[in-house]
2 protein chains.
Amino acid sequence: MRTLHERADVIPLIAEVFREFGFEGTSLSRITEKTALGKGSLYHFFPGGKEEMAGAVLAHVDAWFEREVFAPLRDDPPDVAIARMWRAVDDYFRSGRRVCLVGAFALDETRDRFAAVIAGYFTRWIAALRDALVRRGWEARAANDSAEEAVLGIQGALVLARAMRDDAVFGRALARLRARLA
Amino acid sequence: MRTLHERADVIPLIAEVFREFGFEGTSLSRITEKTALGKGSLYHFFPGGKEEMAGAVLAHVDAWFEREVFAPLRDDPPDVAIARMWRAVDDYFRSGRRVCLVGAFALDETRDRFAAVIAGYFTRWIAALRDALVRRGWEARAANDSAEEAVLGIQGALVLARAMRDDAVFGRALARLRARLA
DNA sequence: GATATCATGTACCAATCGGTACACTGCGTC
DNA sequence: GACGCAGTGTACCGATTGGTACATGATATC
């Protein structure tokens, strides 16, 4: 049996707030509003305050991608894993309507707070995709180039889709990138 | 004869602050620190306060790209203008060490404050590049696709370069994108 | 049914936020 | 040399910030 809330339940809600307002733009009052949790509960779950909340959210995102994308890329047959990656990416980012928190944090001074997690997220993604391409028979250099291009293209597509309020641009970008890895 | 400072002189300094800390993370005290200008002067130049400062900075960025990139793409021979664009982009973003303010603002709720400028910046960039490709003989659909891909690739490369603290990834991305437009 | 722990709401804190008011200085104009 | 104004510094405002303290409520264990 469990009480009304636990740490794990509230992390996705806090993630939404950070995604919408960024690290600096996210205030405890906004988190309180979104989660319907008072400061008492929040500091009970996250004694380190706002920084620990953001860290937990980043870890949550990282774990999701590790499980749904990176690990399959490493362990499953390349074709299967890559197809799964494109599906996961389209789902996770809601076809361009949802922002990548890691990418967003990377752009301002927030990066320095979470440098290791942020760098690790992209490094592992690219490495896993590159290795999958190599296992599929690609030459190492080409594989690394294309892996980099795919990951960076997703980030760029998210920026553009949000800037222009046009999800279609995200769909087109994903289709192009997918075709290039085929 | 002029006094020590005028509006035009401080805009680039304020731009650096917004680039580093984002809109929410930029406080008047940080702007004061960077510009060595008191609130008196700042509100003399920008009566609308922080929002007007950010607006002026965005307009300044927009004007730079309009002059150095978009207009040449529209008016000059396509090959010349596109070569110039790649040079301008590499210079402006300091080979990946400088962030795109418009892209950064697009990612959080700051976008809604400056929706028109932000959307316009990317829309005009893509349109100008697409038309240059068409004038060069490309088919309309392919031209639009490639223009979108180039602009989005630049944004993604900036995110990745900052996230991984690795300028080389920006250089490689630019080379790939350039080759694809050749 | 007493106890310990998890979870919660409220009151409060100093510091900082964006913004305003205003007195002042230095300069060019007449 | 009086005037006007662009530019400046300082003091101040209420509101909000992230964070702390603590008393209370609920729950599971024994």
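Keep in mind that this is a model prediction, so the values were computed, not measured. In what follows, every chain begins at residue 1, and chains take the letters A, B, ... in the order their sequences are listed.
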> Do A:Glu68 and A:Arg84 meet the salt-bridge criterion of a basic N to acidic O distance under 4.0 Å?
Replying inline: yes

> Rounded to whole angstrom units, what separation is found between the CZ atom of A:Phe45 and the P atom of C:dG9?
Replying inline: 11 Å

>> Between C1' on C:dC6 and CZ on A:Phe46, what's the gap in Å once rounded to a whole number?
In response: 15 Å

> Given atom CD of B:Glu6 and atom P of D:dC5, what is their separation to the nearest angstrom?
Replying inline: 19 Å

> Do any of residues 105-114 of chain A sit with a heavy atom less than 4.0 Å from DNA chain D, and if so which?
Replying inline: none

> Would you call B:Asp131-B:Arg74 a salt bridge at under 4.0 Å N-O?
Replying inline: no

>> Please report the distance, rounded to the nearest Å, between CG in B:Leu42 and C1' in D:dT10.
In response: 14 Å

>> If the threshold is 4.0 Å, N to carboxylate O, is there a salt bridge linking A:Asp76 and A:Arg135?
In response: no

> Rounded to the nearest Å, what distance is computed from the CG atom of residue B:Asp9 to the C1' atom of nucleotide D:dT8?
Replying inline: 15 Å

> Looking at A:His44, does any N or O in its side chain come under 4.0 Å of the phosphate oxygens OP1/OP2 on C:dT8?
Replying inline: no

>> Counting primed atoms plus P, OP1 and OP2 as sugar-phosphate and everything else as base, spell out the protein contacts along nucleotides 15-21 of chain D at 4.0 Å heavy-atom distance: B, S or - for each nucleotide, 5' to 3'.
In response: --SBBB-

> Per the ring-ring contact (aromatic ring centres under 6.0 Å, His included) rule, which among B:Phe105, B:Phe65, B:Trp64 passes with B:Tyr121?
Replying inline: B:Phe65

>> Quick test of your reading of the model: are A:Glu20 and A:Lys34 salt-bridged, counting only N-O distances below 4.0 Å?
In response: no

> Which residues satisfy the side chain to side chain donor-acceptor pair (under 3.5 Å) test with A:Asp62, sequence neighbours excluded?
Replying inline: A:Arg124

>> What I want to find out is whether A:Glu52 reaches A:Arg7 closely enough, with some N-O distance under 4.0 Å, to be called a salt bridge.
In response: yes

>> Expressed as a whole number of angstroms, how long is the span from B:Leu37:CG to D:dA6:C1'?
In response: 12 Å

> What orientation do B:Phe23 and B:Phe18 show, parallel under 30°, tilted 30 to 60°, or perpendicular over 60°?
Replying inline: parallel

